[in-house]
Amino acid sequence: MARYKLLNGELVAYTAEEETARDAEEAAAKADKDANGYKEDRRYFYPPLTDFADAMYWNSKGDSTKLEAYYAACEKVKTDNPKPS
Amino acid sequence: MTIKLNGSTAGSVALDAPASTTSGANIEFKLPVADGSTGQFIKTDGSGNLAFATATDTNDFVKLTNVVSTTSVDSILHTNLDTTTYKAFRLVFAALPATDNVHLTFRFMNGSNVEGDSNYSWGIMGVSGGSSHYEDHGVGNANARIHNNSGNADYEGWRHVMDIVCQTTNDWTGATSFASWVGNRVDGSNNYRWESGSLYYENDADTDGFILAPSNGQFNKYSYTLYGVKR
């Protein structure tokens, strides 16, 4: 499929050289996403660190309920966004 | 002295000379030789010759272009921007990628050349839909990431206001080209993310344009306005 760019508001076809460069960019971006995309995805869903601080406080008082819930939430994020094998 | 022309039905129009002129000079005006265009005004050349002319734009914030399109493209470029007149460019931008969950990237242009040396440093601060915060950054990259993943459904996409500053020969060496932005995105699972960031291009090179592209695939829809901010 031919590639096009919007150059100063005008539709212009990529040159062969530009096509090659764009192909390489996309391949590199895909390789990076395949290898590291899970890290980005996980970050958005980890519970806030403030929840961890609160859980640690209550854990120090002998109530581990919140800390266990925090760990479970982290575990779910890892399961939902697995590291590629 | 007054020349007064009476209307055919009522009223009149008069040309009045002042009671006296500066130093008692005899002032003479010659009317233009042809009519002007709509909106033009009459100016003098300082020797009494009058002519129609277009008013000079004195606005410091000037709209350069406005684009709304659903024609798919791999990249959006603006080149050969007037960096002599404009110190910065403001881009009000919204776009929807064709591919689900891809990043938005930025590079500077110098004429028709993409400034692709691995000298882009950038950072993004973000807030996820819940109460989590995140950051992303890169140093010495071949491009700068403007936003993280966007989905490709109609209600998803990227949107931001971005200020772009191109280094020119008028700047001190190493001033560098840089940009900052504030915006948001909606990812492929309809999660809203607020993001802001900044980048700079650590090359002592003049630039006069930019290119935006998804990390993969095309822009399916885009709407943007580019403004120039005068020096």
Side-chain angles (χ1 to χ4, degrees), chain A residues 1-55 66 69-74 76-82 84, chain B residues 64-69 71-81 95 98-99 101-105 107 109 112 114 116 124 126-136 138 141-143 145 148-149 185 187-189 191-193 209-219 222 224 226:
Chain A
M1 185 177 68
R3 295 182 184 276
Y4 288 90
K5 56 188 174 184
L6 192 72
L7 176 60
N8 299 325
E10 300 292 328
L11 200 62
V12 178
Y14 271 45
T15 64
E17 184 179 334
E18 289 171 337
E19 292 257 8
T20 302
R22 179 64 175 158
D23 288 346
E25 284 173 8
E26 288 191 323
K30 184 177 185 309
D32 181 61
K33 184 175 182 178
D34 289 346
N36 301 305
Y38 75 98
K39 298 176 189 173
E40 181 180 329
D41 294 338
R42 285 179 176 181
R43 281 175 317 162
Y44 306 132
F45 297 103
Y46 279 132
L49 284 173
T50 48
D51 288 2
F52 182 68
D54 186 53
K66 287 189 173 183
Y70 188 90
Y71 288 149
C74 291
K76 184 176 187 311
V77 171
K78 291 178 185 295
T79 304
D80 291 347
N81 301 278
Chain B
L64 302 178
T65 188
N66 182 63
V67 174
V68 179
S69 179
T71 301
S72 297
V73 293
D74 284 78
S75 55
I76 294 172
L77 302 86
H78 277 277
T79 62
N80 299 306
L81 294 169
T99 305
N101 286 328
V102 292
H103 297 157
L104 179 62
T105 68
R107 283 171 292 180
M109 303 282 295
S112 60
V114 177
I124 296 173
V127 177
S128 67
S131 56
S132 294
H133 304 76
Y134 59 90
E135 68 87 20
D136 277 295
N141 292 168
N143 58 42
R145 189 189 307 174
N148 287 348
N149 287 340
R185 64 185 173 89
D187 70 16
S189 300
N191 294 304
Y192 170 83
R193 312 291 187 216
F210 61 87
I211 172 173
L212 286 162
S215 55
N216 260 291
Q218 298 177 307
F219 293 115
Y222 40 95
Y224 67 91
L226 183 65

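Chain A is the first sequence line, chain B the second, and so forth, proteins listed ahead of strands; every chain is numbered from 1. Computed from a prediction, not measured in an experiment: that's the story for all the values here.
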Side-chain donor-acceptor pair present, N148(B), Y44(A), cut-off under 3.5 Å:
yes

Considering all heavy atoms of both residues, which atom of A29(A) and which atom of S215(B) are nearest to each other, and what is their separation?
CB-O, 3.4 Å

Can you tell which part of Y222(B) gets under 4.5 Å to a heavy atom of chain A, answering side chain, backbone, both or neither?
side chain

Examine whether an atom of E40(A) lies under 4.5 Å from a heavy atom of chain B, and if so say whether it belongs to the side chain, the backbone or both; otherwise answer neither.
side chain

Are there over 12 heavy-atom neighbours, none belonging to Y38(A), within less than 6.0 Å of that residue's OH?
yes

Is it the case that over 12 heavy atoms from other parts of the model lie below 6.0 angstrom from the NZ atom of K30(A)?
no

Quick one: CG on L6(A) to CG on L77(B), what's the gap to the nearest 0.5 Å?
8.0 Å

Side chains of D41(A) and N149(B): does their closest heavy-atom pair fall under 4.5 Å?
yes

Tell me, side chain or backbone of Y224(B) under 4.5 Å from chain A's heavy atoms, or both, or neither?
side chain

Which heavy-atom pair separates R43(A) from D136(B) by the least distance, and what is that distance?
NH2-OD2, 2.8 Å

Just verifying a value: how many Å separate L81(B) CG and N8(A) CG, rounded to the nearest 0.5 Å?
7.0 Å

Cation-pi, F45(A) ring and R193(B) (6.0 angstrom, 45 degrees)
yes

Interchain contact, N80(B) with chain A, by part (heavy-atom threshold 4.5 Å):
neither

With a 4.5 angstrom heavy-atom cut-off, could you sort out which part of N101(B) is near chain A: side chain, backbone, both or neither?
both

Using non-hydrogen atoms only, which part of R3(A) is less than 4.5 Å away from chain B: side chain, backbone, both, or neither?
both

Nearest heavy-atom approach of D74(B) to R22(A) is O-NH2, 3.8 Å

A142(B), A213(B), G126(B), G217(B): which one forms the most heavy-atom pairs within less than 4.5 Å of chain A?
G217(B)

For T79(B), which atoms come within 4.5 Å of any heavy atom of chain A: side chain, backbone, both, or neither?
both

Beyond-backbone contact of V73(B) with K5(A), side-chain heavy atoms, under 4.5 angstrom
no

Given heavy-atom pairs under 4.5 angstrom as the criterion, report whether the side chain, backbone, both or neither of L11(A) touches chain B.
side chain

